[in-house]
Amino acid sequence: MISANDSKGSDFIRDIILDDIRTNKWGGRVVTRFPPEPNGHLHIGHAKSMCLNFGVAEETGGECHLRFDDTNPTKEEEEYVTSIKEDVRWLGWDWGAHLHYASDYFEALYEFAIDLIQKGKAYVDDLNQEQIREGRGTLTEPGKESPHRNRPVGENLDLFRRMRACEFEEGARVLRAKIDMGSPNLNMRDPVLYRVLKATHHRTGDAWCIYPMYDFAHGQSDSIEEVTHSLCTMEFEDHRPLYDWILNGLEIHHPQQIEFARLNLTYTVLSKRKLLHLVEDGYVSGWDDPRMPTLSGLRRRGYSPESIKTFCDRIGVAKRQTAVEVALLEHCVREDLNQRARRAMAVLHPLKVVIDNFPEGQVEELEAVNNPEDPAMGTHKVPFSRELYIESDDFREDPPGKFFRLAPGREVRLRYGYFITCAGFDKDESTGEVVTVHCTYDPETKGGQAPDGRKVRGTIHWVSAAHALEAEVRLYDNLFTVERPDEVEDYRTVLNPESLTVLTSCRVESSLVDAAPGQHYQFERVGYFCVDSSDSRPGALVFNRTATLRDSWAKIEGGGGKQA
RNA sequence: UGGGGAUUGGUCCAGUGGUAGGACGGCAGACUCUGACUCUGCAAGCCCUGGUUCGAACCCAGGAUCCCCAGCCA
């Protein structure tokens, strides 16, 4: 159980933790935690953190707590708590009995503050926000001490108790740590520990009007929960000396903090602020819009939890600032869905085909494989009849070189069906558009093999016109047109106008009538799709494209292959 | 011009004194009732400059570049 090398591959954090287990540093225990603030929805970057924290706990037989860092009632809401828990569970992680909230520790935190005051390590400051900012100095100049810095302990105690009793207005007084205004680390220049906030907290209601700052809550919360390894992102690296100072001053359990780089993904943004704007300004339909990198968006798009976990394993954990290519995420979901998704035939841009020599009114049931990667998944029947729909791209009046599909005089195989040869086509006089293709079939080729052994280069998918279901299909592409939208002045100027294409008259095979919301399919030769969990209805199916299949023909043709 | 962190093919991650490796992406083939999957091959890298050493991606010195920090946000 103590071998993170088995399948996960290791990283510098797992190396440290494994070493700590060997040396019995924490009595062999491993306790980690995933500490989101309930002020937004979880995204793929949080998945990385969860896979690290819950993953390490799982691999070492330790435990991982889910703790909400809810120290700012003006920004946090219960709605977020609910969605975060749902997303954590969906990814497959289990916090067991360890669901915690920083707000559970408000009383303990208050006592810690009293303790620091009594030790002469904290003081109540009367300066206002602007004065404190001015007194902090700059990156190159030291700060100045507050005139209230040397208040007697008794006076500080009295004032802090009165802060708790709501005797002061917001901004009038704060509790500050008494550290070093000349420190080159700005976090050590007497940071604010407590502020007055007359806001209703989503869990503690109006019980408090003073709230601890994150820096005063996080380390102690970890300490209270006896966390052994406090894993966080790099921006907290220079807060570590402050946490050390507080924990040492309080003389309580001191977790080991280790920082790692947060995830960045190409063609998207992962800052809560920007994601919020996308939602609020209506650039997307909501937090769960399938174009969003949120876990709810990815879920609705059709990403499986397994594919996201695999992705997190592959990107590794290190300290350098990076941007992982979204192509890797796509690869992971294709790899997973290839193994699991049931195959079906769906025509996104229907083109009518009439098999002229097939008896009118006759219907045959052909057998289609559910998943060639997994024979145990069985087969299903697809109806074949005289009139079919094929993908309009699969027919060319004037085929380019290396085009193996249908064209005048060419023979192709209908997947699981017959060989057909194009005998002619009808055009709409006014538009010049091909509206019907006429073919003849070879009855000897039923099932897709020719008794005379002749081969065809192309196999195309199809649906029976009379049996097919009409469906809406939503094609998704990157939300942004540039690899690093974060580096653009206004990311809204690089939004991809083609990130969503809605196709309304697609035809899918009849076996999909019962397709359940969230169900994954591979539409053969097209891509991976899933039934939209919000808008799909029996009789009015809506499919979301999770990812395209790799398309080497599109490359030969020089196109992108991703477009509608 | 303060403090902290980082720098290995296009991208991400390994390698921590002894011939630089994997994955994704790219290119070229093979296979194929999905131009999918799978398989094979190819191209492509140690930020720079010195030093130590028989030998440096790794150790030392200097330099460069990038990221984070001046919320009563987390």
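In what follows, every chain begins at residue 1, and chains take the letters A, B, ... in the order their sequences are listed.
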Pick base, sugar-phosphate or nothing for A/Glu259, based on heavy-atom distances below 4.0 Å to the nucleic acid.
nothing
Under 4.0 Å, heavy atoms only, any strand: does A/Arg240 hit a base, just the sugar-phosphate, or nothing?
nothing
Between A/Asn371 (CG) and B/U34 (C1'), how many Å, whole number?
12 Å
Output the single nucleotide from B/C72, B/G26, B/A74 whose closest atom is nearest the side chain of A/Asn72.
B/A74
When you measure from the side chain of A/Arg550, which nucleotide among B/A74, B/C37, B/C24 comes out closest?
B/C37
According to the Watson-Crick and G-U wobble definitions, with both distances under 3.5 Å, which nucleotide is paired to B/C46?
none
Given the C1' atoms of B/C13 and B/G45, what is the spacing between them in whole Å?
13 Å
Indicate, with yes or no, if the rings of A/Tyr80 and A/His41 have centres closer together than 6.0 Å.
yes
So what does A/Leu127 touch, heavy atoms closer than 4.0 Å: a base, only the sugar-phosphate, or nothing?
base
Considering only heavy side-chain atoms of A/Glu325, the closest of B/C66, B/U34, B/G25 is B/G25
Side-chain N or O of A/Arg195 less than 4.0 angstrom from OP1 or OP2 on B/A74?
yes
In Watson-Crick or G-U wobble terms, with both distances under 3.5 Å, the base opposite B/A56 is none
To the closest 0.5 Å, what do you measure between OH (A/Tyr528) and CZ (A/Arg340)?
11.0 Å
Base B/G3 paired with A/Asp238 side chain (donor-acceptor, <3.5 Å)
yes
Would you kindly say whether A/Arg33 and A/His218 are connected by a side-chain donor-acceptor distance under 3.5 Å?
yes
Among B/C73, B/G5, B/G2, the one nearest any side-chain atom of A/Leu139 is B/G2
With rounding to the closest Å, how many angstrom separate the P atoms on B/C66 and B/C60?
25 Å
Conformer about C1'-N of B/G71 - syn within 90° of 0, anti elsewhere
syn
With a 4.0 Å cut-off on heavy atoms, is A/Met213 in touch with a base, just the backbone sugar-phosphate, or nothing at all?
sugar-phosphate
Answer with base, sugar-phosphate or nothing: what part of the nucleic acid does A/Ser552 contact at a heavy-atom distance below 4.0 Å?
sugar-phosphate
Touch class at under 4.0 angstrom, heavy-atom based, for A/Thr74 against every strand present
nothing
Among the nucleotides B/C72, B/A74, B/G2, which one has an atom lying closest to any side-chain atom of A/Tyr214?
B/A74
Rounding to the closest angstrom, what is the interatomic distance between B/A36 and B/A30 at atom P?
13 Å
Less than 6.0 angstrom separating the ring centers of A/Tyr441 and A/Phe419, yes or no?
no
Of the nucleotides B/C24, B/G71, B/A74, which one has an atom closest to the side chain of A/Arg136?
B/G71
Between B/G17 and B/A57, how far apart are the two C1' atoms, rounded to whole Å?
10 Å
Pairwise P distance, B/G10 and B/A43 [rounded to whole Å]:
15 Å
Ignoring backbone atoms, establish whether A/Thr71 has a side-chain N or O less than 4.0 Å from OP1 or OP2 of B/A74.
yes
Ignoring hydrogens and geometry beyond distance, is the side chain of A/Gln522 in donor-acceptor contact with the base of B/U34 at under 3.5 Å?
yes
Which of the following nucleotides, B/A70, B/C13, B/C67, is nearest to the side chain of A/Gln321?
B/C67
Over all strands shown, is A/His239 touching base, sugar-phosphate only, or nothing at heavy-atom distances under 4.0 angstrom?
base
Need the pair for B/A14. Rule: Watson-Crick or G-U wobble, both distances under 3.5 Å, any strand; none if unpaired.
none
Watson-Crick or G-U counterpart of B/U1, or none if no pair lies under 3.5 Å:
none
Given B/C69, B/A23, B/C37, the nucleotide with the shortest approach to the side chain of A/Asn338
B/C37
Would you indicate what A/Asn39 reaches in the nucleic acid, counting non-hydrogen atoms under 4.0 angstrom: base, sugar-phosphate, or nothing?
nothing
Report which part of the nucleic acid A/Phe236 touches: base, sugar-phosphate, or nothing (heavy-atom distance under 4.0 Å, all strands).
base
5'-most contact on RNA chain B (nearest-nucleotide basis), A/Glu170 vs A/Pro184, goes to A/Pro184
When you compare B/G9 with B/G25, how far apart are their C1' atoms, in angstrom units rounded to a whole number?
11 Å
Mind checking who B/A6 pairs with, Watson-Crick or G-U wobble, both distances under 3.5 Å?
B/U65
Which value, in whole Å, describes the distance between the P atoms of nucleotides B/A23 and B/U34?
26 Å
Heavy atoms from C-beta onward define the side chain here; which of B/C13, B/G2, B/C72 lies closest to that of A/Ala318?
B/C13
Phosphate contact (B/U34 OP1 or OP2) by A/His461 side-chain N/O below 4.0 Å:
no
Could you tell me whether A/Arg454 and A/Asp452 make a salt bridge, using a distance below 4.0 angstrom between a side-chain N and a carboxylate O?
yes
Of all the choices, B/C73, B/U34, B/G2, which nucleotide is nearest to the side chain of A/Lys75 once you look at every atom?
B/C73
Taking pairing as Watson-Crick or G-U wobble with both contacts under 3.5 Å, can you name the mate of B/C27, or confirm there isn't one?
B/G41
Is a side-chain donor-acceptor pair under 3.5 Å present for A/Glu367 with A/His380?
no
Shorter than 2.5 angstrom, is that how the SG atoms of A/Cys312 and A/Cys51 come out?
no
Nucleotide forming a Watson-Crick or wobble pair with B/A36, both distances under 3.5 Å:
none
Paired to B/U19 by Watson-Crick or G-U wobble criteria (both distances under 3.5 Å) is none
OP1 or OP2 of B/G35 sitting under 4.0 Å from any side-chain N/O of A/Arg457?
no
Could you check whether A/Ala323 gets within reach of a base, just the sugar-phosphate, or nothing at all, counting any heavy atom under 4.0 Å?
sugar-phosphate
At what distance, to the nearest 0.5 angstrom, does CZ of A/Arg164 lie from CG of A/Leu175?
13.5 Å
Remember a base hit wins even if backbone is also touched, and classify A/Val317 as base, sugar-phosphate or nothing at under 4.0 Å, heavy atoms.
sugar-phosphate
I want to check one thing: is the phosphate of B/U32, taken as OP1 and OP2, less than 4.0 Å away from some side-chain N or O of A/Thr459?
no
Short side-chain N/O contact from A/Lys555 to OP1 or OP2 of B/G26, under 4.0 Å:
yes
Could you give the distance separating B/C37 and B/C27 at their P atoms, to the nearest angstrom?
13 Å
With the threshold set at 4.0 Å, does a side-chain nitrogen-carboxylate oxygen contact exist between A/Lys381 and A/Glu365?
no
Where does the angle between the aromatic ring planes of A/His46 and A/His43 fall among parallel (under 30°), tilted (30 to 60°) and perpendicular (over 60°)?
tilted
Name the nucleic acid region contacted by A/Lys402, choosing base, sugar-phosphate or nothing; use a 4.0 angstrom heavy-atom cut-off, strictly under.
base
Could you tell me whether A/Ile132 contacts a base, only the sugar-phosphate backbone, or nothing, with contacts defined as non-hydrogen atoms closer than 4.0 Å?
base
What does A/Pro142 touch in the nucleic acid at a heavy-atom separation under 4.0 angstrom: a base, only the sugar-phosphate, or nothing?
nothing
Look at A/Arg273 and B/C73 and indicate whether a side-chain polar atom (N or O) is within less than 4.0 Å of OP1 or OP2.
no
